[in-house]
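The structure appears below as structure tokens.
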Amino acid sequence: MSSNFLLYGANGYTGTLIARLAVRQGLRPILAGRNSEKLQPLATSLGLEHRAFSLEDESTVDAALNDVTAVLHCAGPFSRTSKPMVEGCLRTKTHYLDITGEVAVFEAIAAKDAEATKAGVMLLPGVGFDVVPSDCLAAHLKRQLPSATSLSLAFTAGQTSRGTATTIVEAQKQGGLVRRGGVLTPVPTAWKTRTIDFGEGPVLGTTLPWGDVSTAFYSTGIPNIEVYMATPPSTYWALVASRYLGWLLGSPPMQSLQKRLIQAQPPGPTDAQRQQGKTRLWGEVSDDGATKVSRLQCPEGYTLTALTALAIVTKVLAGQVSVGFQTPSKVYGADLILEIEGVERLDINNG
Ligand SMILES: NC(=O)c1ccc[n+]([C@@H]2O[C@H](COP(=O)([O-])OP(=O)(O)OC[C@H]3O[C@@H](n4cnc5c(N)ncnc54)[C@H](OP(=O)(O)O)[C@@H]3O)[C@@H](O)[C@H]2O)c1
């Protein structure tokens, strides 16, 4: 087996960013996806091998994975694409990485832990913006307050890609989600708000079912977890309105209308927008008496996704793996995020 990785969904917005950065870093991924016509120009321009195959046929998936060490899966929504790729990885003993942020996908992969351990395979979903920085922040806070019983995480979001917007549209029906007593617990969309200082003054944060509601529990064991996104008041009120329109937004005609509108948008932030952009994260842990707060400042979200995903791929190719279902901080530690250029962490009033 060659010590190489297969990048599936390489022709998508994020997959292409990752392919380009990989080449700049001296990596030689095999580019893959379901459409040869879309893959070939990218593979030719980067001088890389490509493999076109659908996820619908087990034997073609197995044949494509048989000679690689790892897959970096970038074709989403992962609620539709993750299962066949995970199963292919288990059959062919290939380590699985993806860039999902979808709670249901994390939970479905966590349920494969025993199978992955038996196969000697690492299943590590969430190697992008969601969840590497927030997962590392959660683990950093937990080591400062090991008795913590509550964790709140928050992030600022920039412009989204078409693929992210499509994934959000498909998730509209699910409502909100938090962890209570270790259990994933449904709550209304935009259930709670709080004022959060990411380092530039207080802003409104609104709860959302971000991936850490699933993963931070596996990383820290903290039983009560909420995740907030910085939201202008107009976005908050739109989210509240969507509580009552969920049935309509989730209906097939409204889903296809929203997806058509998304396809009319640019594929994602431009290079200039990514270079200028920053993301900020905030986390707080508490027990009965103490509270600890830390913040992170990071590059723009899609740039960060490419950087964290490739940092992890490089470790996997060097043999740094832990078999079974994993989270980024469980395998590589809370300080993994500090290995990424442009990331700064600040502890606030944690004396
Ligand atoms: N967690 C994070 O931080 C993070 C960061 C970035 C992106 N993402 C997620 O990553 C996904 C991709 O984002 P993007 O911006 O790259 O989107 P995109 O530009 O729309 O690309 C989507 C890619 O997925 C492929 N695809 C979709 N459905 C497929 C299926 N059923 N079988 C095989 N391939 C399929 C597409 O192939 P075709 O071109 O053939 O349709 C394309 O290559 C989204 O779910 C997004 O939410 C997450």
Side-chain angles (χ1 to χ4, degrees), residues 6-21 31-43 50-57 60-61 64 71-86 88 97-106 109 124-136 155-171 208-215 227 229 259 262-270 274 277 279 281 298-310 312 327-328 337 340:
L6 185 129
L7 175 58
Y8 193 84
N11 64 285
Y13 173 78
T14 312
T16 299
L17 283 184
I18 293 173
R20 293 200 171 120
L21 182 63
L31 303 188
R34 62 179 165 183
N35 186 323
S36 180
E37 281 176 23
K38 291 183 183 174
L39 278 173
Q40 190 156 15
L42 180 67
H50 78 281
R51 292 178 187 174
F53 61 98
S54 144
L55 297 174
E56 282 161 22
D57 178 57
T60 53
V61 172
V71 164
L72 174 55
H73 188 24
C74 295
F78 293 90
S79 52
R80 285 196 260 136
T81 65
S82 167
K83 188 167 184 274
M85 188 64 96
V86 166
L97 312 170
D98 75 24
I99 58 165
T100 192
E102 299 160 63
V103 171
V105 173
F106 286 117
I109 296 176
L124 178 52
V127 300
F129 169 53
D130 190 359
V131 292
V132 175
S134 42
D135 190 56
C136 289
F155 66 95
T156 61
Q159 189 180 329
T160 57
S161 71
R162 283 182 201 148
T164 301
T166 303
T167 303
I168 292 168
V169 162
E170 291 204 359
L208 87 167
W210 192 242
D212 302 271
V213 173
S214 167
T215 51
V227 183
M229 179 173 74
K259 287 177 190 172
I262 289 167
Q263 287 310 313
Q265 301 298 315
T270 61
R274 286 191 303 100
T279 48
L281 294 99
C298 303
E300 184 277 343
Y302 292 91
T303 300
L304 184 62
T305 292
L307 289 166
T308 53
L310 290 176
I312 289 174
T327 65
I337 192 66
I340 305 298

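We count ligands from 1, going down the list as the structure has it; atoms in each ligand are counted the same way.
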Nearest non-hydrogen protein atom, [atom]:
{"atom": "atom 46 (C) of ligand 1", "result": "Thr164 OG1, 3.6 Å"}
{"atom": "atom 48 (C) of ligand 1", "result": "Ile99 O, 2.9 Å"}
{"atom": "atom 19 (O) of ligand 1", "result": "Tyr13 N, 2.8 Å"}
{"atom": "atom 17 (O) of ligand 1", "result": "Gly163 CA, 3.1 Å"}
{"atom": "atom 21 (O) of ligand 1", "result": "Gly12 CA, 3.3 Å"}
{"atom": "atom 44 (C) of ligand 1", "result": "Thr167 OG1, 3.4 Å"}

Atom indices of ligand 1, in the order listed, that fall short of 4.0 Å to a heavy atom of [X]:
{"X": "Thr100", "answer": "1 (N)"}
{"X": "Gly76", "answer": "11 (C), 12 (C), 24 (O), 27 (C), 28 (N), 45 (O)"}
{"X": "Asn11", "answer": "38 (P), 39 (O), 43 (O)"}
{"X": "Asp130", "answer": "1 (N), 2 (C), 3 (O)"}
{"X": "Thr14", "answer": "6 (C), 7 (C), 13 (O), 14 (P), 15 (O), 16 (O)"}
{"X": "Lys38", "answer": "38 (P), 39 (O), 40 (O), 41 (O)"}
{"X": "Ser161", "answer": "14 (P), 15 (O)"}
{"X": "Thr305", "answer": "3 (O), 5 (C)"}

Can you check whether [X] reaches [Y] side chain to side chain, under 4.5 Å on heavy atoms?
{"X": "Pro299", "Y": "Leu307", "result": "yes"}
{"X": "Glu56", "Y": "Pro84", "result": "no"}
{"X": "Leu72", "Y": "Ile18", "result": "yes"}
{"X": "Pro125", "Y": "Leu97", "result": "no"}

Problem - Nearest candidate to atom 24 (O) of ligand 1, where distance is taken over non-hydrogen atoms, out of Ser134, Ala306, Ala75 - result: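 When every heavy atom of Ser134, Ala306, Ala75 is considered, Ala75 comes closest to atom 24 (O) of ligand 1.
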Practice task
Tell me which one of Glu56, Glu37, Arg34 gets a heavy atom nearest to atom 32 (N) of ligand 1.
Solution key: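 Minimum heavy-atom distance to atom 32 (N) of ligand 1 goes to Arg34.
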Problem - Side-chain donor/acceptor of Thr308 to backbone N/O of Thr305, under 3.5 Å - result: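 The answer is yes, because a donor-acceptor pair under 3.5 Å joins these two groups.
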Exercise for the section: Please confirm whether the backbone N or O of Ala75 pairs with a side-chain atom of Thr81, one donor and one acceptor, at under 3.5 Å? Expected result: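 Side chain of Thr81 to backbone of Ala75: a pair is present.
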Practice task
Scan side-chain atoms only and decide if Thr303 and Arg274 contain a donor-acceptor pair under the 3.5 Å cut-off.
Solution key: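 Yes - a donor-acceptor pair under 3.5 Å links their side chains.
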Looking at ligand 1, is there an atom of it that comes within less than 4.0 Å of some heavy atom belonging to [X]?
{"X": "Pro77", "answer": "yes"}
{"X": "Gly9", "answer": "yes"}
{"X": "Cys74", "answer": "yes"}

Practice task
Step by step, work out the side chain to side chain contact (heavy atoms under 4.5 Å, CB included) result for Tyr8 and Met85.
Solution key: CA-CA 9 Å; Tyr8 193 84; Met85 188 64 96; 3.5 Å; yes
Exercise for the section: Check whether any N or O atom of Phe129, backbone or side chain, sits under 3.5 Å from an N or O atom of ligand 1, and answer yes or no. Expected result: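 The answer is yes, given that Phe129 and ligand 1 share an N or O pair closer than 3.5 Å.
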Exercise for the section: Flag Tyr302 as yes when one of its N or O atoms lies below 3.5 Å from any N or O atom of ligand 1, and as no otherwise. Expected result: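 Tyr302 vs ligand 1: no N/O contact under 3.5 Å.
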Exercise for the section: Compute the centroid of each ring, for Tyr302 and then for Phe129, and state whether the two points are separated by less than 6.0 Å. Expected result: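 No, the ring of Tyr302 stays outside the 6.0 Å limit from the ring of Phe129, centre to centre.
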Exercise for the section: Measure the NE2-NZ distance between His50 and Lys38 for me, rounded to the nearest 0.5 Å. Expected result: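 His50 atom NE2 to Lys38 atom NZ measures 13.5 Å (nearest 0.5 Å).
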Exercise for the section: Check step by step if side chain to side chain contact (heavy atoms under 4.5 Å, CB included) holds for Asp130 and Thr100. Expected result: CA-CA 7 Å; Asp130 190 359; Thr100 192; over 6 Å; no
Exercise for the section: Mind running side chain to side chain contact (heavy atoms under 4.5 Å, CB included) on Leu6 and Arg51 for me, showing each step along the way? Expected result: CA-CA 9 Å; Leu6 185 129; Arg51 292 178 187 174; 4.1 Å; yes
Practice task
Begin from the C-alpha positions of Ser134 and Trp210 and carry the test side chain to side chain contact (heavy atoms under 4.5 Å, CB included) through to its verdict.
Solution key: CA-CA 10 Å; Ser134 42; Trp210 192 242; 4.2 Å; yes
